[in-house]
Student: 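Below: one structure in structure tokens.
Computed from a predicted structure; not experimentally measured. When reading the values below, keep in mind they use all heavy atoms of this one structure, side chains included, and skip hydrogens, waters and symmetry mates. Residue numbers start from 1 in every chain, and the chains themselves are labelled A, B, ... in the order their sequence lines are given, proteins ahead of strands.
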Protein chains: 2
Amino acid sequence: MKKKSIKDIAQELGYSKTTVSFVLNNKGDEKNISKKTQEKILAYVREVNYQPNQIAKSLKKGKTNTIGYLIPDISNPFYAKIGRLIEDLLADKGYHLIIGSTDETQEKEDLLLNMFVNRQVDGLILASSFENLGMLNTLAAQRFPMVFFDREHPDFFGNYILVENKNAMKGAVQNAIKHGSKKIGLLSITPNVYSLELRIDGYREALSENEIDIDDHLIRIVDNNNLKESTKAQLQYLIDEQVDAVVFTNNQITAHAIWAMNIFHKEKIEDVRFVSFDNLDLFDYSQPKVTSVAQPIEKIANYTVDILGEVMNEKEHISKRIVLEPKLIERL
Amino acid sequence: MKKKSIKDIAQELGYSKTTVSFVLNNKGDEKNISKKTQEKILAYVREVNYQPNQIAKSLKKGKTNTIGYLIPDISNPFYAKIGRLIEDLLADKGYHLIIGSTDETQEKEDLLLNMFVNRQVDGLILASSFENLGMLNTLAAQRFPMVFFDREHPDFFGNYILVENKNAMKGAVQNAIKHGSKKIGLLSITPNVYSLELRIDGYREALSENEIDIDDHLIRIVDNNNLKESTKAQLQYLIDEQVDAVVFTNNQITAHAIWAMNIFHKEKIEDVRFVSFDNLDLFDYSQPKVTSVAQPIEKIANYTVDILGEVMNEKEHISKRIVLEPKLIERL
DNA sequence: GTGAAAGCGCTAACAC
DNA sequence: GTGTTAGCGCTTTCAC
């Protein structure tokens with residue numbers, strides 16, 4: 001049973017493709033197709049379970065109703081949750097998501113960007129690593145609808161939905177200092193991401209404003225390709241340095257560190273305060289407790305979709321930068 | 001700057017569309033296009049950064065190189081992780097994923113299934129809720145390439161990648177009994193999913209084989225639409241019933257229950273053993289500790305993609321049912 | 001070695 | 001009220 005096309009329907013019913021097409025697209029009345037004809041066509045279409053070919057429609061209309069979702073890793077709960085929220089918001093408007101995980105490598109990012117363009121996605125939602133602005137600049141020059149979230153690049157001008165990174169982190173670290181922490185280490189992934197740099201800056205500022213010497217040895221970078229083991233090793237280093245607090249720049253490392261702490265440093269668990277950017281449910285009860293900076297993910301998703309909608313509709317070039325306020329959740 | 005098409009390239013270079021198309025598809029040699037022409041075309045294409053329109057190609061070829069990934073919720077770490085593995089495996093073959101989250105509702109599932117068909121996906125990977133077989137039967141009758149994982153339906157004949165549910169759960173519960181648990185409750189989501197029923201059956205069998213009375217009041221179903229709060233409430237019920245162990249049919253409820261246990265039943269935390277289907281890193285150190293049945297997610301992803309590849313290539317109808325062995329991780 | 005032309009399934013301007 | 005037709009961008013058969 002080959003798939004039926006509009007042409008088949010038209011022939012079998014003795015109408016033209018046009019008439020059938022109009023009726024299928026609810027333009028029957030507008031185009032003065034008689035009620036009777038409309039009903040006949042609709043009934044038949046339902047009977048044979050005709051499914052329009054969205055690809056042909058897309059080609060004709062130059063619009064695919066798909067959006068590319070480019071992030072470091074869809075299995076990271078932060079991107080998965082925002083992805084889910086975006087999926088639902090877009091579905092209401094008839095759009096669907098193609099996903100692409102970059103693993104923070106420029107190579108995969110470029111490959112995926114190309115793929116999205118080839119597939120004629122109508123827009124792009126991206127947490128880019130911004131290692132290389134090449135393709136992004138090209139797309140921006142063509143006014144390709146894009147909205148960036150979570151990550152930014154100071155030299156790239158575009159639509160951003162972000163959270164306050166520096167001050168939020170600063171506040172979280174100051175909170176730890178207020179509660180007595182004096183020797184504070186930091187663990188981060190790839191710091192060549194501007195948003196993460198800002199978080200690290202916030203950490204530095206908090207220390208210097210409280211007259212704590214910044215010791216660069218206490219700022220440890222974990223290996224992206226081996227997050228869990230590397231986090232364990234770097235945490236070990238900080239423990240050996242006898243820190244009384246550790247700051248994490250995202251929740252994935254924090255989760256791994258909680259694991260490492262419980263498995264390998266159980267005896268020190270009361271002596272080290274954890275502070276994390278991003279929240280996780282388990283921070284409510286984990287040992288050690290984790291004071292965290294919670295990002296407003298619903299708002300992020302809402303704004304992202306809203307702005308993308310605007311960009312796709314507007315002929316004019318808009319460039320908004322929306323910075324949301326994260327929330328400090330103190331857990332002592 | 002309008003996007004260039006093959007036609008533009010051909011005109012600007014003084015060749016025909018055919019020649020350009022051949023060269024672009026690496027058929028230059030095969031079609032006896034002169035080396036010189038080939039180089040000229042390739043150089044120009046690179047210079048103007050020509051991007052082929054995948055939609056047009058798809059329409060012509062009847063193949064979109066996209067796969068639909070239909071699951072209950074992409075923000076569930078289990079589906080996100082498998083999704084990520086599948087994404088990578090498929091990317092190597094030039095396929096990409098469109099995602100669809102059903103929230104376990106038939107309405108959304110049917111909507112998404114239709115969407116996938118309209119979009120002419122080449123295949124479908126699904127963790128269906130199987131509430132209603134209607135659309136799936138239709139697709140199966142058309143030999144639409146589909147591979148099911150995680151969930152099965154006894155009346156639906158298709159390609160399945162599953163894990164042993166009943167015996168694995170039985171083993172986990174027996175393990176708890178061996179270590180002294182006597183009054184064992186169970187918490188599950190929507191049990192109208194066959195795979196979950198099997199897990200519950202495993203629980204029942206373990207009890208009866210050990211001469212523990214099965215008390216249906218101790219089998220609690222949580223509300224899907226309000227997982228966290230409902231889990232808390234149902235857990236409360238079991239605690240009040242003074243169970244000495246609780247069994248969970250998936251990791252999401254277990255995580256919520258750990259949270260509820262720590263926040264609301266801290267004093268009982270030593271008295272209740274947790275047993276969970278699905279694993280989570282945090283089970284290594286959470287209070288209470290969780291003995292879990294870990295699914296082999298890499299294998300699931302690999303088999304799923306392999307079988308889907310076979311189905312898409314074969315003209316013949318194959319129907320494989322692969323049942324993988326999960327691993328019991330005892331944590332006491 | 002290269003090109004003309006048909007056609008994938010659909011939409012929509014224009015005709016009658 | 002309904003039909004004819006061109007064309008979206010690409011592939012591929014057949015011709016020269």
Side-chain angles (χ1 to χ4, degrees), chain A residues 1-42 44-45 48-66 94 117-122, chain B residues 1-42 44-45 48-66 94 117-122:
Chain A
M1 186 177 73
K2 219 189 129 288
K3 243 182 239 171
K4 283 204 190 309
S5 72
I6 274 203
K7 197 175 151 197
D8 300 323
I9 307 278
Q11 272 171 2
E12 286 157 26
L13 246 40
Y15 288 107
S16 75
K17 292 194 300 172
T18 315
T19 307
V20 177
S21 173
F22 283 154
V23 172
L24 287 179
N25 291 289
N26 286 319
K27 293 189 185 157
D29 293 337
E30 177 190 334
K31 299 289 180 181
N32 288 319
I33 314 286
S34 72
K35 277 271 168 268
K36 219 167 132 186
T37 304
Q38 292 199 40
E39 276 159 28
K40 227 155 100 188
I41 292 174
L42 288 175
Y44 188 69
V45 152
V48 301
N49 188 30
Y50 164 75
Q51 300 288 1
N53 183 327
Q54 175 72 35
I55 297 296
K57 203 179 237 175
S58 295
L59 178 59
K60 176 70 196 175
K61 295 242 211 174
K63 187 164 186 303
T64 56
N65 280 276
T66 79
V117 171
N118 292 170
R119 283 169 187 260
Q120 318 291 118
V121 297
D122 296 330
Chain B
M1 187 175 73
K2 222 190 126 285
K3 242 183 238 172
K4 283 202 191 311
S5 73
I6 275 202
K7 196 175 150 197
D8 301 322
I9 307 277
Q11 272 172 0
E12 287 157 25
L13 246 40
Y15 287 106
S16 75
K17 291 194 300 172
T18 316
T19 307
V20 177
S21 173
F22 283 155
V23 173
L24 288 179
N25 290 290
N26 286 320
K27 292 189 186 157
D29 293 340
E30 177 190 332
K31 298 290 180 178
N32 288 319
I33 313 287
S34 71
K35 276 269 166 272
K36 219 168 134 188
T37 304
Q38 294 199 39
E39 276 159 27
K40 227 156 99 188
I41 291 175
L42 288 175
Y44 188 69
V45 151
V48 302
N49 189 30
Y50 164 74
Q51 299 288 0
N53 183 326
Q54 175 72 37
I55 297 295
K57 202 178 238 176
S58 295
L59 178 60
K60 178 70 197 172
K61 295 235 201 179
K63 187 164 185 302
T64 56
N65 280 276
T66 80
V117 171
N118 291 171
R119 282 170 186 260
Q120 317 289 118
V121 298
D122 296 331

Student: Between P on D/dC10 and CZ on A/Arg119, what's the gap in Å once rounded to a whole number?
Tutor: 15 Å

Student: Just how far is it from atom CD1 of B/Ile33 to atom CD of B/Glu39, taken to the nearest 0.5 Å?
Tutor: 13.5 Å

Student: How far apart are the closest heavy atoms of A/Asp29 and A/Lys35, and which atoms are they?
Tutor: OD1-NZ, 2.9 Å

Student: Distances for protein N/O vs nucleotides 1-3 of chain C N/O pairs under 3.5 angstrom?
Tutor:
{"from": "C/dT2", "atom 1": "OP1", "to": "B/Thr37", "atom 2": "OG1", "distance (Å)": "3.0"}
{"from": "C/dT2", "atom 1": "OP2", "to": "B/Ser34", "atom 2": "N", "distance (Å)": "3.0"}
{"from": "C/dT2", "atom 1": "OP2", "to": "B/Thr37", "atom 2": "OG1", "distance (Å)": "3.4"}
{"from": "C/dG3", "atom 1": "OP2", "to": "B/Ser16", "atom 2": "N", "distance (Å)": "2.8"}
{"from": "C/dG3", "atom 1": "OP2", "to": "B/Ser16", "atom 2": "OG", "distance (Å)": "3.3"}
{"from": "C/dG3", "atom 1": "OP2", "to": "B/Thr19", "atom 2": "OG1", "distance (Å)": "2.9"}

Student: Is any side-chain nitrogen or oxygen of B/Asn25 closer than 4.0 Å to OP1 or OP2 of D/dT11?
Tutor: yes

Student: Whole angstroms only, please: what is the NZ-C1' distance between A/Lys63 and C/dA12?
Tutor: 17 Å

Student: May I ask you to say what B/Lys27 touches in the nucleic acid, namely base, sugar-phosphate or nothing, with a heavy-atom cut-off under 4.0 Å?
Tutor: sugar-phosphate

Student: When the distance from NZ of B/Lys3 to C1' of D/dC10 is rounded to whole Å, what number comes out?
Tutor: 14 Å

Student: With a 4.0 Å cut-off on heavy atoms, is A/Lys36 in touch with a base, just the backbone sugar-phosphate, or nothing at all?
Tutor: nothing

Student: Does B/Leu59 reach a base, just sugar-phosphate, or nothing at all? Heavy atoms under 4.0 Å.
Tutor: base

Student: For A/Val121 versus A/Thr64, what's the shortest heavy-atom pair and its separation?
Tutor: CA-OG1, 3.6 Å

Student: To the nearest 0.5 Å, tell me how far A/Ser58 OG sits from A/Arg119 CZ.
Tutor: 12.0 Å

Student: Take atom CD1 of A/Ile6 and atom C1' of D/dG3, then tell me their distance rounded to the nearest Å.
Tutor: 14 Å

Student: To the nearest Å, give me how far apart NZ (B/Lys4) and P (D/dG9) are.
Tutor: 13 Å

Student: Which one, C/dC10, D/dT11, D/dG9, comes nearest to the side chain of B/Lys61?
Tutor: D/dT11

Student: From the options B/Lys57, B/Gln54, B/Gln51, select the one residue that forms a side-chain hydrogen bond (donor to acceptor under 3.5 Å, both in side chains) with A/Asn118.
Tutor: B/Gln51

Student: Can a donor-acceptor pair be found between the side chains of A/Ser21 and A/Thr18 at a distance below 3.5 Å?
Tutor: no

Student: Return the value, rounded to whole Å, for the distance between atom CD1 of B/Ile9 and atom P of D/dT11.
Tutor: 12 Å

Student: Nearest whole angstrom, please: distance from the P of D/dT2 to the NZ of A/Lys35.
Tutor: 12 Å

Student: Are B/Leu13 and B/Val20 side-chain neighbours, meaning at least one heavy-atom pair lies under 4.5 Å?
Tutor: no

Student: Looking only at the side chain of A/Lys60 (C-beta and beyond, no hydrogens), which of the listed nucleotides D/dC10, C/dC10, D/dG9 gets closest?
Tutor: C/dC10

Student: Report yes if the side chains of B/Asn53 and B/Lys3 come closer than 4.5 Å at any heavy-atom pair, otherwise no.
Tutor: no

Student: Is it true that, when you exclude A/Lys7 itself, more than 12 heavy atoms of the residues, nucleotides or ligands shown sit nearer than 6.0 Å to its NZ?
Tutor: no

Student: Would you indicate whether the side-chain heavy atoms of B/Tyr50 and B/Ile6 approach each other to under 4.5 Å?
Tutor: yes

Student: Describe, as an angle rounded to 10 degrees, how the axis at the first end of the helix from C/dG1-D/dC16 to C/dC16-D/dG1 is tilted relative to the axis at the last end, five pairs per end.
Tutor: 50°

Student: Rounded to whole angstroms, how far apart are NZ on A/Lys7 and P on C/dA12?
Tutor: 20 Å

Student: Quick one: is B/Ser21 getting a side-chain N or O under 4.0 Å of the D/dC10 phosphate, OP1 or OP2?
Tutor: no

Student: With a cut-off of less than 4.0 Å, is there a side-chain N or O of B/Tyr50 near OP1 or OP2 of D/dG9?
Tutor: no

